[in-house]
Amino acid sequence: MPSTLAILGGLPLRTRPFSTWPVFDAREREQLDDVLTSSNWGGFPSPNRKATEFAAAFAAYQGARFAIPTTSGTSALEVALKALGVGAGDEVIVPAMTFAATAYAAVACMARPIFADVSAANACIDPESVKRLITRRTKAIIPVHYGASLADLDALAEISRAHSIPLVEDCAHVPGARFRKRGVGTHGALGCFSFQSTKPMTAGEGGMITTDDPDLEQRCQSLINCGRRRPGDTFEGPLMGANYRMTEWQCGILLAQLARLPEQTERKSRAAARLREGLGAIKGISPVARDPRVTREVIYAFVFLVDESALGVSRNRFVRAMRAEGVPCGVGNDPVYRSALFPRESPAYLKACELAGASAARITIDCPVAERLFEHAMAAVPHECLLGDDRDVDDIIAAAAKVASRAAELAAANLDKPR
């Protein structure tokens, strides 16, 4: 008979910690010392010494012609849209399920974000929903590669070509991933990456833009450098930019992080395969499958779906019980239009809607799949849990099996009662 659930007063299945994040060693220290002694710490002149080195290395790893370091993944998205000329009165299609920054980038351009529903299979933007939302005002589509899954770039590229609407890939979760042997961030006009604290490579903050288009590269470089032009730049018209330059400290750390990324990527992908097999054997739990078109998988969050009816307990209680057993487990992002970080009553959003000819008070957003995934189905384990050994993976599986085996008891329990 399984032991009592920890959330109901039993002993937790796991008491030892999972791998810590971020990972660093002497390589980061050497890079930081190199910057320190250079007395050249900031992003100016742009691109600076370390920024040039990091951009070249990252572009080569992704298979892009150009890479432009920025202050954050958020600023990368904003600059990418501005480089495409997105502005007041335009619309940008974004997925309902992502971090608020994806939609914020459109508002920063004074454009209206249009929320597309997501696929029930992987929480990435649904191409059929995108098709239904295209209007004469649509100036960009931002697919987000979510958790460990890549958006359907085949279908989205076809939509992009058919309507002459550029794709801006939000690759914040998956640096290094490949779709049909091509790096993410190279399938559309531009790709955007994040190096925030929790991401698979990190300098605490930071971002990157990738592109194969020389004109877009020049425009991005100008936009992150206060609108300056480099000798030889040929793009048309003046640009009003800002200081979105990455510091030399961050670039140095990220050079070390990039050197470590391939081994970590392979290790986490092997662990994910073991975890998929183990969780898939538990009734009511369905790990998100790896798309066969993904030729290099990058894990930011290992996502699995809970069937509340089959499991016999709510997703929320399941997640709480997993945490009590010592497994860090979350529920993923709430739909952006419901997020406290994207207040739809804010003057900026109201103005963006007005400029696009819409009344924010009358806008109806219909994303039932995103709503269901967030409220009832999605669960996730962070990537650092897959950096350890097989025992770590097996503990996650064992914890899920333990909770599932006592689902009826968990469903009936009063979790608010002191224990």
Side-chain angles (χ1 to χ4, degrees), residues 2-3 5-7 10-29 61 146-150 173-178 195-203 253-254 256-283 285-291 294-306 318-332 378-406:
S3 59
L5 294 177
I7 199 170
L11 295 175
L13 183 140
R14 183 184 174 97
T15 55
R16 63 191 179 94
F18 286 92
S19 298
T20 58
W21 186 258
V23 174
F24 65 92
D25 59 23
R27 286 172 285 187
E28 279 84 358
R29 296 183 187 277
Y61 190 61
Y146 192 87
S149 297
L150 303 188
H173 289 187
V174 290
R178 290 183 181 174
F195 307 123
Q196 176 265 350
S197 297
T198 64
K199 298 303 190 295
M201 55 180 289
T202 180
I253 290 174
L254 288 164
Q257 293 275 302
L258 182 60
R260 191 181 292 106
L261 184 63
E263 186 276 329
Q264 289 178 332
T265 295
E266 291 181 11
R267 193 191 324 172
K268 287 188 288 187
S269 190
R270 289 194 302 269
R274 185 182 185 94
L275 188 52
R276 286 192 185 98
E277 182 179 3
L279 291 181
I282 301 171
K283 182 181 179 181
I285 298 178
S286 301
V288 170
R290 176 174 174 173
D291 188 323
V294 176
T295 46
R296 183 160 66 199
E297 178 185 45
V298 173
I299 311 289
Y300 171 64
F302 182 93
V303 177
F304 58 98
L305 305 179
V306 173
F318 175 85
V319 167
R320 287 179 65 182
M322 287 287 283
R323 291 173 180 164
E325 296 298 337
V327 176
C329 193
V331 299
M378 183 179 291
V381 174
H383 67 98
E384 59 265 29
C385 291
L386 306 185
L387 281 174
D389 54 28
D390 287 348
R391 294 177 302 162
D392 292 339
V393 175
D394 293 343
D395 280 348
I396 298 171
I397 297 166
K402 178 182 176 183
V403 174
S405 71
R406 307 299 287 264

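What's counted below: heavy atoms across the whole structure, side chains too, no hydrogens, waters or symmetry copies.
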Salt bridge (charged side-chain N to carboxylate O under 4.0 Å, His left out) between Arg267 and Glu297, worked out: CA-CA 10 Å; Arg267 193 191 324 172; Glu297 178 185 45; over 6 Å; no
Would you check if [X] and [Y] make a side-chain contact, meaning some heavy-atom pair closer than 4.5 Å?
X      : Y      : answer
Phe302 : Cys329 : no
Ile7   : Arg320 : yes
Val403 : Met322 : yes
Leu150 : Val174 : yes
Pro328 : Arg323 : no

Shortest non-hydrogen separation from [X] to [Y] and the atoms involved:
X      : Y      : answer
Leu279 : Ala400 : CD2-CB, 3.6 Å
Pro175 : Val298 : O-CG2, 3.3 Å
Ala6   : Lys402 : N-NZ, 4.2 Å
Pro22  : Thr202 : CB-CG2, 3.7 Å
Val288 : Ser149 : CG1-OG, 3.4 Å
Trp21  : Pro200 : CH2-O, 3.3 Å

Once rounded to the nearest 0.5 Å, what's the spacing between atom [atom1] of [X] and atom [atom2] of [Y]?
X      : Y      : atom1 : atom2 : value
Arg296 : Tyr61  : CZ    : OH    : 3.5 Å
Thr15  : Asp395 : OG1   : CG    : 9.0 Å
Ile299 : Arg270 : CD1   : CZ    : 12.0 Å
Leu11  : Leu5   : CG    : CG    : 11.5 Å
Asp390 : Leu275 : CG    : CG    : 11.0 Å
Asp392 : Arg274 : CG    : CZ    : 10.5 Å

Residues in salt bridge (Lys or Arg N to Asp or Glu O under 4.0 Å) contact with Asp291, at least two apart in sequence or another chain: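 For Asp291 the salt bridge (Lys or Arg N to Asp or Glu O under 4.0 Å) partners, ignoring immediate neighbours, are Arg293.
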Under the salt bridge (Lys or Arg N to Asp or Glu O under 4.0 Å) test, residues paired with Arg260 that sit two or more places apart: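 Partners of Arg260 under the salt bridge (Lys or Arg N to Asp or Glu O under 4.0 Å) test: Asp25, Glu28.
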Worked check of side chain to side chain contact (heavy atoms under 4.5 Å, CB included) between Met201 and Leu261: CA-CA 7 Å; Met201 55 180 289; Leu261 184 63; 3.8 Å; yes
Electrostatic pair Glu325-Arg14, nearest N-O below 4.0 angstrom: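 A salt bridge is absent here (no side-chain N lies under 4.0 Å from a carboxylate O).
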ring-ring contact (aromatic ring centres under 6.0 Å, His included) partners of Tyr146, counting only residues at least two apart: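 Once residues adjacent in sequence are excluded, the partners of Tyr146 under the ring-ring contact (aromatic ring centres under 6.0 Å, His included) criterion are His173.
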Listed partners of Arg29 passing side-chain contact (heavy atoms from CB on, under 4.5 Å), at least two apart: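 For Arg29 the side-chain contact (heavy atoms from CB on, under 4.5 Å) partners, ignoring immediate neighbours, are Phe24.
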For Ala203, side-chain contact (heavy atoms from CB on, under 4.5 Å) partners two or more places apart: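 Here the qualifying residues are Gln250, Ile253, Leu254.
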N/O donor-acceptor pairs under 3.5 Å from side chains in residues 379-387, not counting sequence neighbours:
from: His383; atom 1: ND1; to: Lys268; atom 2: NZ; distance (Å): 3.1
from: His383; atom 1: NE2; to: Thr198; atom 2: O; distance (Å): 2.9

Donor-acceptor contact present, side-chain Arg290 to main-chain Val294, <3.5 Å: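 Checking the backbone N and O of Val294 against the side chain of Arg290, a donor-acceptor pair under 3.5 Å is found.
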